[in-house]
> 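Handing you a structure now.
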Protein chains: 2
Amino acid sequence: MYTIGQVSEMFGLPISTLRYYDKEGLFPGMERQSGIRKFSDRELEALRIIECLKLSGLEIKDIKQFMAWCVEGASTYPDRKALFETRKKIVEAEMIALQKTLDMLKFKCWYYETAIRDGNEDRLNAMLPDKLPPDIQKLYDNAHASEKRK
Amino acid sequence: MYTIGQVSEMFGLPISTLRYYDKEGLFPGMERQSGIRKFSDRELEALRIIECLKLSGLEIKDIKQFMAWCVEGASTYPDRKALFETRKKIVEAEMIALQKTLDMLKFKCWYYETAIRDGNEDRLNAMLPDKLPPDIQKLYDNAHASEKRK
DNA sequence: GTAACACCTAAACCTAACTTTATGTCAAGG
DNA sequence: CCTTGACATAAAGTTAGGTTTAGGTGTTAC
C-alpha cells in the first residue's frame, strides 16, 4: 500500500495528475483510509497500463471505460480484446507513418548538410526530384510517397 | 496560383485551418490580390513540409521559425539542419517507445484471446510473470522493460 | 502548542491548435 | 437589383489533459 506521494515518486508523475486520473475514474474501487488514497498493487498495475494506453493514443475517457470493464468481470473479455485489436492496428499504421516522417527528416539532414558544404542550394535543386544519390533518393521517395497508392 | 478553397480541397484541410496557418505566419510573403490570398507552388510546398513537421511533433511556432529561416537565406542553413537533427533523434526515440507499446498491445490481444477461451484469467495469472509461451514472453518482457537500464 | 508536512477538495486557470460566429466585401447569374 | 457563393476579418468558443490556487484536515517533531 502506497500513498499518493510515494506513487508520484515511483512513476515520476505529479501528484496533481494522479488525483486528476482518480477523479476521471481511472482507479475504480481504490481504497481510502479516512479520506486518504491508498494505492495498492492493483492501482500500480493500472497506472502501468494507463501509461501504455496513453502512449498508444487512447483518450482518458476510453481508458476509464477499459478500467470499468476490468471491474465488470469475464463478460467483458471480448470488449477488452476488441479495444486492444483496434489500438494495435492504429499503432501499426502510426509506425509506418512515423517511418516515412523519419525518412523525410533524414533526407532533410542530408539536404542541409550538403547546402552548408555548397553554400547554396543550386546543386541540390538540380538533383531534385530524381537525380539524388541512390541511398538519399530512397529516403526522398519514401518520404514523398503518397498514401493514395498504398 | 490557387485560391484558399482550391487548396483546401487539394490538401483535405478546412479553410479555417489554412487561414489560421497564415495568421500564425506559416506562409511568409504569400501574395494577395485585393485582399484575397493567392497560394503559389511555394505555399503548396510549404504546406507539404508543414504536414511532415507536424507529424514529427513540431509545434506551430517552431514551424513558423523554420519558414522564417527559409526566407532569411543561406546563413540559416545550420539552424535548419540542427532543427532536423533534433527532430530525427526525437522521432527515433518515439519509434522505440512505440515498438514497446505495440508489443504490449500484441501481448494484451493474446491475453484476452486466451482469457476468452478459458472463460477466466486463472491459468494466465499462473503463467505470469515468467512462465508464458516463449514468443509471448518476449512481447511481455519487451513491453515491461524499464527505460532505466537502457 | 505550534510549526512543518503530507494529505484532501472544489474550482479556476492554462495551452495548443483549431473552429465558430458575427459581420462585411465583391463578382456573377437570373 | 438582389441573391448566392466565395472570399475576408476579428474575436470568442472549444477540447483535452492537465496544473494551480485557495482553503482545510490530521500527524509528527521540537
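Protein chains get the first letters and strands the later ones, always in sequence-line order, with residue 1 at the start of each. In this text the structure is predicted, and so the values were computed from the model without any measurement.
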> Ring of B:Tyr111, cation from B:Lys108 - is the NZ or CZ under 6.0 Å from the centre and inside 45° of the axis?
yes

> Tell me if the CD atom of B:Glu92 is crowded by more than 12 foreign heavy atoms within 6.0 Å.
yes

> Considering only NZ, NE, NH1 and NH2 on the basic side and carboxylate oxygens on the acidic side, decide whether B:Glu85 and B:Lys89 come within less than 4.0 Å.
no

> Would you find a donor on one side and an acceptor on the other, under 3.5 Å apart, between the side chain of A:Glu59 and the backbone of A:Lys54?
no

> Under 3.5 Å, side chain of B:Asp62 to main-chain N/O of B:Leu58, donor-acceptor pair present?
no

> Rounded to the nearest angstrom, tell me the gap between atom CG in A:Leu18 and atom P in D:dG18.
10 Å

> Determine the interplanar angle of the A:Tyr77 and B:Tyr112 rings, folded into 0 to 90°, and report it as parallel if under 30°, tilted if 30 to 60°, perpendicular if over 60°.
tilted

> For the helix from C:dG1-D:dC30 to C:dG30-D:dC1, figure out the bend between the end axes, five pairs an end, and round to 10 degrees.
20°

> Does any N or O in the side chain of B:Thr101 come within less than 3.5 Å of the main-chain N or O of A:Ser56, such that one atom is a donor and the other an acceptor?
no

> Whether the side chain of A:Gln6 engages the backbone of A:Thr3 through a donor-acceptor N/O pair (distance < 3.5 Å, no angle test) should be reported.
yes

> Could you run down nucleotides 7-21 of chain C 5' to 3' and tag each one B, S or - for protein heavy-atom contact under 4.0 Å?
SBB-------BBBB-

